[in-house]
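We're numbering straight along the sequence, starting at 1. Atoms within each ligand, like the ligands themselves, are counted from 1 in listed order.
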Amino acid sequence: MKPIEPVMIPDDETVARWRSDFPIFRELIHGNPLVYLDNGATTQKPSAVIDAQRDYYEHANANVHRGVHELSQRATDAYEGARERIARFINAARAEEIVYVRGTTEAINLVAQSYVRPLAKPGDEILISAMEHHSNIVPWQFVCEQTGAVLKVVPIDDSGALDVDAYRQMIAERTRIVAITHVSNALGTINPVARMIEAAHARDVPVLIDGAQAVAHLPVDVRALDCDFYAFSGHKAYGPTGIGVLYAKADRLEAMPPWQGGGDMIRSVTFDKTIYNAIPWKFEAGTPDISGAIALAVALDYVNAIGSETIGAHEAGLLAYATDAMRAIPHLRLIGTATEKAAILSFVLDHVHAHDVGTILDQYGVAVRAGHHCAMPVMQRFGVPATVRASFALYNTRADVEALLKAMAHVQEVFGQ
Ligand code: PMP
């Protein structure tokens with residue numbers, strides 16, 4: 001048997017080197033060094049990504065797929081080359097299975113409107129979970145309103161783990177799609193998506209995975225998972241905002257009608273009949289985010305060069321350290337304590353609103369998210385209006401955790417706790 005190679009946990013010097021790739025850390029926030037713990041909302045960008053966008057505009061800016069001139073060729077080559085690198089990053093079988101979209105939200109809406117809506121009949125079911133982000137709830141509610149389909153919600157337990165037994169039982173004859181998050185943005189829970197996809201496929205139900213919180217933090221192999229659809233956003237994976245990916249198996253894309261009409265998604269147009277372009281371009285109407293796509297590939301190359309396992313191991317170390325320390329704070333309750341967790345730490349303080357905590361932490365340069373995290377049903381499940389969320393990325397350090405703890409001590413002073 002091949003020995004399993006141990007994942008290297010990076011030393012402080014290595015992490016400091018990664019951190020120096022991100023120019024934002026030269027910023028001072030209210031006179032303090034930046035402690036950026038809002039990575040679940042968006043990650044910071046390495047110079048390589050920022051340079052790639054600048055480089056594109058300085059040396060290759062033109063529209064794609066339409067010019068005969070040199071710049072248009074450069075833009076098209078870079079844009080399509082990026083698609084190939086993105087496909088390799090998630091181990092898609094073909095570059096054509098990568099559809100550029102604005103982000104996870106648009107990817108899920110595309111599947112909802114173009115794949116599920118034409119299939120769904122009154123009484124059909126769409127299966128999601130109780131820990132979904134609004135962008136994996138509301139698009140399905142649209143489809144339910146449009147078709148008479150019904151939304152079914154798999155429950156979660158008090159730790160924030162999905163009830164897998166209930167899930168298995170809820171996959172039914174009339175389930176048209178399972179749409180589940182890989183990692184919960186509000187709780188950090190990592191769902192056992194491989195097993196869940198297998199269970200759905202055993203009943204011929206296709207599966208969409210919301211990978212917004214996963215791609216930058218753990219290895220994602222869409223072929224090993226065998227998911228039908230996988231959605232993610234560039235900006236949560238060290239890439240620019242405004243660009244994201246819908247991965248879909250080629251046969252699913254072939255079966256889907258285009259969603260938006262316009263330039264580039266057609267092969268020919270007359271007033272009587274329009275013939276659509278091949279996949280994936282039939283889903284990419286209009287001038288796309290060319291520099292964004294190119295820079296997203298650079299971001300994923302950056303992640304790949306470090307290694308998703310290494311990043312995951314580093315972040316797991318930070319999570320364990322921060323979790324132990326936060327548990328010792330009086331009147332603090334962690335929300336989301338599943339065994340399988342990504343580096344997201346949600347918490348509430350008795351009698352103190354999350355926004356007040358976030359505002360005080362900001363005074364010390366500590367950026368966290370405070371609110372419902374676009375997951376109001378999760379807040380309802382745990383009986384809180386909002387949480388404070390610290391979420392980690394590859395450039396975070398133990399010193400960042402210590403800065404958070406120090407700033408939390410100030411919060412407690414202010415509120416007399
Ligand atoms: N799903 C999850 C789990 C998320 O965390 C987010 C972003 N917070 C989204 C979907 C939506 O991503 P975007 O806003 O980039 O479309």
Quick one: nearest non-hydrogen protein atom to [atom], plus distance?
atom: atom 3 (C) of ligand 1; answer: D210 OD2, 3.5 Å
atom: atom 16 (O) of ligand 1; answer: T105 OG1, 2.5 Å
atom: atom 8 (N) of ligand 1; answer: K236 NZ, 2.7 Å

For Y321, is the NZ or CZ atom of R398 found under 6.0 angstrom from the centre of its six-membered ring and inside 45 degrees of the ring axis? yes
For Y395, does the six-membered ring have the charged nitrogen or CZ of R19 within the cation-pi criterion, i.e. under 6.0 angstrom from the centroid and within 45° of the normal? no
Could you tell me if D264 and H65 have a donor-acceptor pair between their side chains, going purely by distance under 3.5 Å?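 Yes, because at least one side-chain N or O of H65 sits under 3.5 Å from a partner of the opposite role on D264.
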Within the 3.5 Å criterion, strictly below it, is a donor on Y115 or D228 matched to an acceptor on the partner's side chain?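 Not at all, the side chains of Y115 and D228 share no donor-acceptor pair under 3.5 Å.
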Relative to ligand 1, is T181 under 4.0 angstrom through side chain, backbone, both or neither, heavy atoms considered?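 It is the side chain that touches ligand 1; the backbone stays farther off.
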Which segment of H235 sits under 4.0 Å of ligand 1 when only heavy atoms are counted: side chain
Which of the ligand 1 atoms, numbered from 1, are nearer than 4.0 Å to a heavy atom of S233: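 Matching atoms, with element in brackets: 12 (O), 13 (P), 15 (O), 16 (O).
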Find all atoms of ligand 1 within a distance of less than 4.0 Å from any non-hydrogen atom belonging to Q213, and give their numbers and elements.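 Atoms satisfying the 4.0 Å criterion: 3 (C), 4 (C), 5 (O).
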Checking the N or O distance criterion of under 3.5 Å, is ligand 1 in contact with E106? no
State plainly whether the residues E284 and R83 are in salt-bridge range, i.e. N to O under 4.0 Å.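 A salt bridge is present here (some side-chain N lies under 4.0 Å from a carboxylate O).
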Show your reasoning for whether side chain to side chain contact (heavy atoms under 4.5 Å, CB included) applies to R333 and V384. CA-CA 11 Å; R333 174 157 74 108; V384 294; 3.5 Å; yes
Y79 vs Y100 aromatic rings, parallel, tilted or perpendicular, using cut-offs 30° and 60°? tilted
Consider ligand 1: state whether an atom of it lies below 4.0 angstrom from any non-hydrogen atom of S135.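 Contact present.
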Among H133, M131, R369, closest by heavy atom to atom 6 (C) of ligand 1 is H133
